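From a predicted model like this one, the values you see are computed outputs, not experimental measurements. For this chain, numbers begin at 1 and follow the sequence in order.
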Amino acid sequence: MIDVESFPEDAYTATGTLLWKTTAGGKQRAAAWLWFNKREGDTFTMAELREALDPLENAEHLNRRLRELRDVDWELPTNKDDATLGTDEYRLEKRGARIWLKSERQKYQIFKPSERMRRQVFERDGRRCQECGLADGEPWPDDSRRRTVLTVGHMIPQSRLNRQRRDDNINNWRTECKRCNESVRDQIRDPHTYEEAFPMVTPMPRKDKETLLSWLDAGHRLRNRLDEVYDIVRKLSEADKARLREYLERAV
């Protein structure tokens with residue numbers, strides 16, 4: 001264990017703040033703390049990391065930051081990789097990029113779609129999350145206080161594409177809500193191949209095949225007229241919603 005009472009000059013910002021105590025992104029702060037507090041081969045726990053960065057930080061967020069560090073060449077095995085480690089224990093197997101430094105961070109920057117491309121993806125996908133089916137602004141099924149926010153995600157994670165030396169493009173992008181986008185993307189398998197999907201399709205009734213074909217032609221799952229009308233009326237002003245509600249109550 002490194003002496004935490006004494007840190008080299010480059011562990012501090014220009015204002016004298018320790019790098020992992022700044023307002024920088026969680027991944028950068030986690031990398032800095034590990035770099036200056038642990039040697040390769042040392043172990044640490046999630047509780048230890050949380051205490052160093054922010055005791056109020058969500059554990060799942062920190063777990064995600066550690067997973068993201070693997071995309072910039074950090075090796076951080078858990079007990080899933082090494083049974084000798086505890087359930088909440090990690091080992092710093094190998095240091096990766098010092099991503100709090102712009103020069104090293106730029107080497108790993110990934111391509112992001114422009115606003116125009118984002119709109120194209122949203123339009124193609126019917127402006128609904130391709131994972132859970134929710135539209136922008138709709139409440140979460142298990143928490144009506146929270147609303148859906150759409151973003152652009154990747155069917156195959158960019159980190160995996162980079163490892164496979166494959167290009168990323170709009171065919172790999174899809175509409176996702178931010179909740180689904182927070183999933184552990186690198187643990188999700190690549191999309192099925194034709195050979196894998198075909199045996200699922202062949203036994204389907206003709207009507208289902210016709211419906212599936214219409215969805216493929218449209219580029220997204222088609223929704224009925226009621227779904228389409230609801231997408232319009234749910235965005236009415238509160239006053240207009242009240243007027244429409246009065247009409248519906250009389251009508252039914």
Side-chain angles (χ1 to χ4, degrees), residues 1-5 7-8 10-13 15-102 104-110 112 131-132 140 142-143 145-146 148-149 151-154 157-160 162-163 176-189:
M1 178 73 178
I2 295 174
D3 179 10
V4 297
E5 299 299 325
F7 296 100
D10 57 347
Y12 298 86
T13 66
T15 59
T17 304
L18 286 168
L19 290 167
W20 52 95
K21 293 295 185 180
T22 67
T23 57
K27 182 167 66 172
Q28 295 181 36
R29 291 187 292 116
W33 181 78
L34 287 169
W35 188 278
F36 291 104
N37 289 272
K38 298 292 179 178
R39 294 187 177 93
E40 291 185 351
D42 285 349
T43 61
F44 64 97
T45 65
M46 178 55 62
E48 189 180 358
L49 179 63
R50 178 196 264 176
E51 181 64 29
L53 270 56
D54 181 356
L56 300 179
E57 180 69 87
N58 182 283
E60 176 53 33
H61 288 175
L62 287 179
N63 268 310
R64 186 165 60 253
R65 303 308 174 221
L66 293 178
R67 291 193 295 266
E68 291 170 348
L69 285 180
R70 294 172 181 142
D71 295 335
V72 291
D73 293 335
W74 286 75
E75 294 182 14
L76 301 165
T78 68
N79 80 322
K80 292 181 179 180
D81 311 297
D82 183 347
T84 65
L85 294 171
T87 55
D88 189 39
E89 192 175 25
Y90 296 78
R91 182 171 63 249
L92 174 53
E93 191 76 21
K94 174 180 172 293
R95 287 173 171 164
R98 295 172 296 174
I99 54 174
W100 61 90
L101 300 177
K102 185 177 180 180
E104 295 202 20
R105 189 166 62 249
Q106 286 179 327
K107 299 176 184 177
Y108 296 88
Q109 286 182 339
I110 57 178
K112 294 183 179 180
E131 189 71 23
C132 68
W140 291 6
D142 57 347
D143 188 350
R145 298 169 299 175
R146 306 188 70 172
T148 301
V149 178
T151 187
V152 173
H154 299 80
Q158 287 183 316
S159 57
R160 190 182 303 166
N162 291 339
R163 291 195 297 269
E176 295 178 354
C177 69
K178 289 194 174 181
R179 187 187 197 189
C180 290
N181 185 255
E182 291 290 339
S183 301
V184 188
R185 303 299 304 168
D186 207 42
Q187 294 182 8
I188 298 177
R189 58 156 288 163

- Please report the closest heavy-atom contact between E93 and P77, naming both atoms and the distance. CB-CD, 3.6 Å
- Over all heavy atoms of both residues, which pair between L69 and A31 is shortest? Give the atoms and the distance, please. CD2-CB, 3.8 Å
- Query: Judged by atom type as modelled, is there a donor-acceptor pair below 3.5 Å linking the side chain of W74 to the main-chain atoms of A97?
  - Reply: yes
- Taking all heavy atoms of R95 and all of R39, pick out the closest pair and write down the distance. NH2-CA, 4.2 Å
- For C177 and T148, work out which heavy atoms get closest and say how close. CB-CG2, 3.4 Å
- Message: Would you say the ring centers of W20 and F7 fall short of 6.0 Å from each other?
- Response: yes
- Does any N or O in the side chain of D42 come within less than 3.5 Å of the main-chain N or O of K38, such that one atom is a donor and the other an acceptor? no
- Query: Shortest non-hydrogen contact from L53 to G26?
  - Reply: CD2-O, 4.2 Å
- Rounded to the nearest 0.5 Å, how far apart are CD of E48 and OG1 of T45? 5.0 Å
- Indicate yes or no for a side-chain donor-acceptor contact from K21 to the backbone of A52 under 3.5 Å, with no hydrogens or angles considered. yes
- Query: Do the numbers put R29 on top of the ring of W100, so that NZ or CZ is under 6.0 Å from the six-membered ring centre and no more than 45° off the axis?
  - Reply: no
- Task: Would you please test E60 and R65 for salt bridge (Lys or Arg N to Asp or Glu O under 4.0 Å) and show each step?
- Result: CA-CA 9 Å; E60 176 53 33; R65 303 308 174 221; over 6 Å; no
- Message: Does K27 form a side chain to side chain contact (heavy atoms under 4.5 Å, CB included) with I99? I'd like the steps, not just the answer.
- Response: CA-CA 8 Å; K27 182 167 66 172; I99 54 174; 3.3 Å; yes
- Just wondering, do L49 and Y90 contact through their side chains at under 4.5 Å, heavy atoms? no
- Mind listing the closest non-hydrogen atom pair of L76 and R70 along with its distance? O-NH2, 2.7 Å
- Message: Do T78 and E89 have side chains that approach each other closer than 4.5 Å (heavy atoms only, starting at C-beta)?
- Response: no
- Message: With rounding to the nearest 0.5 angstrom, report the CH2 to CG distance, W33 to L18.
- Response: 12.5 Å
- Task: Decide side chain to side chain contact (heavy atoms under 4.5 Å, CB included) for T17 and Y12; before the verdict, give the C-alpha distance in whole Å, the side-chain angles of both, and the deciding distance to 0.1 Å.
- Result: CA-CA 5 Å; T17 304; Y12 298 86; over 6 Å; no
- Task: May I ask you to test the L66-M46 pair for a side-chain heavy-atom distance under 4.5 Å?
- Result: yes
- Query: Is there a donor in the side chain of E176 and an acceptor in the side chain of T151, or the other way round, less than 3.5 Å apart?
  - Reply: no
- Query: When you check the gap from the basic side-chain N to the acidic O, do D82 and R91 get nearer than 4.0 Å?
  - Reply: yes
